[in-house]
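A note on names: the letters A, B, ... follow the listed sequences, proteins ahead of strands, and every chain is numbered from 1.
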Amino acid sequence: MITAERKPLEELIDYVKPFKRILLLGCNECVTVCAAGGRKEVGLLASGLQMALLKSGSNIEIKQHTLERQCDPEYVEELVPMIDGSEAILSMACGCGVQQLATRFKDKPVFPALNTQFMGASERQGVWAERCQGCGDCVLGITGGICPIARCAKQLMNGPCGGSTGGKCEVSEDVDCVWQLIWDRLKSLGQEDRYVDIMPAKDWRSGGGSGPRKIIREDLAE
Amino acid sequence: MKKFEPVIVAFCCHYCAYTAADMAGSQRLPYPANVKIIRVPCSGKVDALHIIKAFENGADGVYVAGCLEGDCHFKNGNEKAARRIDYVKKYLEEIGIESERLTMVTMSAGMGYRFAQTATEITEKIRKLGPSPIKTAITQ
Ligand code: SF4
Ligand code: SF4
């Protein structure tokens, strides 16, 4: 899923201060799961903003709403009947959701309430870790199901750098050396030969190197 | 000026603090009427939203009372509550509310005296801090 964290309240206050009525908009998908921008976080932020603004002597009407998904036009369309009641939107979705709103509502200022972080997985309750960088040409089949692009600071493709010590990355003792993880796993799978094969330099055209990417499914696209 | 009487919301776990409050009552131990008790099934059930809403609606202080360490009826709800309180304290500071206005306490069901004493101490602490800045802003 896409992970995110709330921006500091101070930054958000600066965004909304010039307005009298805003729509605070959550998203029911990824950002709900990583406890950053779901219905509950919308409630928490609305109260926090309201109180902080009251303290500084201003009063803004904050309408709260949460869409099933902010990155799909079908759901964004639900906002049409209520959008005129607000002068601006503060979105608690990832950057994709924020941009979807900005595209649909041309005359409304849209602000991000979150800092979108990475594509990750939940390691345990309350802990999310980066797992994929969407390189467009997945090598997990060769690397034992562990990604050297998202999980190696240097994105090395053929084994560890000289900084790998005791299974840890030289970047931090808290980070596993991904090449150690890959080697251990290949060994336990009896696939050591995969490690010996040299992977060619990564072609980044599929990973965004040729500009913004788009998927068009001829059978589905209208 | 009218004397300031703080409004304090106490989220009390049914299995400890709420029963301790009963105990205090039956032992005729007085505690300040400022404390408004809300019974919850476990301190771990108290959400950040409940706490923030209490402040938004004019509470001067909030405390969450859970079971003693290792005694939670639902295994570790009290530990979760303690971590949540730390998290909400940081949010309160961001909003501009002194984080001392929020506290976590623990006690057992038999500690009627401790309940009354805690209620008194927290009421006094909040009285010294004065009205919550939100309440002040609302009345201005
Ligand atoms: S190899 Fe590429 S697609 Fe596969 S997990 Fe890593 S970044 Fe994602
Ligand atoms: S120690 Fe391992 S994970 Fe860290 S940069 Fe070197 S090869 Fe990559």
Is atom [atom1] of [X] surrounded by more than 12 heavy atoms (other residues, nucleotides or ligands) closer than 6.0 Å?
X        : atom1 : result
B:Lys45  : NZ    : no
B:Lys80  : NZ    : no
A:Glu173 : CD    : no
B:Glu69  : CD    : no
A:Arg21  : CZ    : yes
A:Lys7   : NZ    : yes

Quiz item: In terms of heavy-atom proximity below 4.5 Å to chain B, should A:Leu12 be classed as side chain, backbone, both, or neither?
Solution: neither
Exercise. Output the distance between atom CG (B:Leu49) and atom CG (A:Leu45), rounded to the nearest 0.5 Å.
Key: 11.5 Å
Practice problem: Measure the spacing between CE of A:Met51 and CG of B:Leu92 and express it to the nearest 0.5 Å. | Solution: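 Going from the CE atom of A:Met51 to the CG atom of B:Leu92 covers 7.0 Å.
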Exercise. Name the option with the most non-hydrogen atom pairs under 4.5 Å to chain B; the candidates are A:Leu44, A:Asn59, A:Leu54, A:Ile13.
Key: A:Leu44
Quiz item: Is the side chain of A:Lys55 donor-acceptor paired with the backbone N or O of B:Ile134 at a distance under 3.5 Å, no angle test?
Solution: no
Quiz item: Step by step, would you call A:Arg6 with B:Glu94 a side chain to side chain contact (heavy atoms under 4.5 Å, CB included)?
Solution: CA-CA 12 Å; A:Arg6 178 176 56 77; B:Glu94 243 192 305; 2.8 Å; yes
Quiz item: Looking at B:Ile97, B:Ile52, B:Ile51, which one has more heavy-atom pairs under 4.5 Å with chain A than the rest?
Solution: B:Ile52
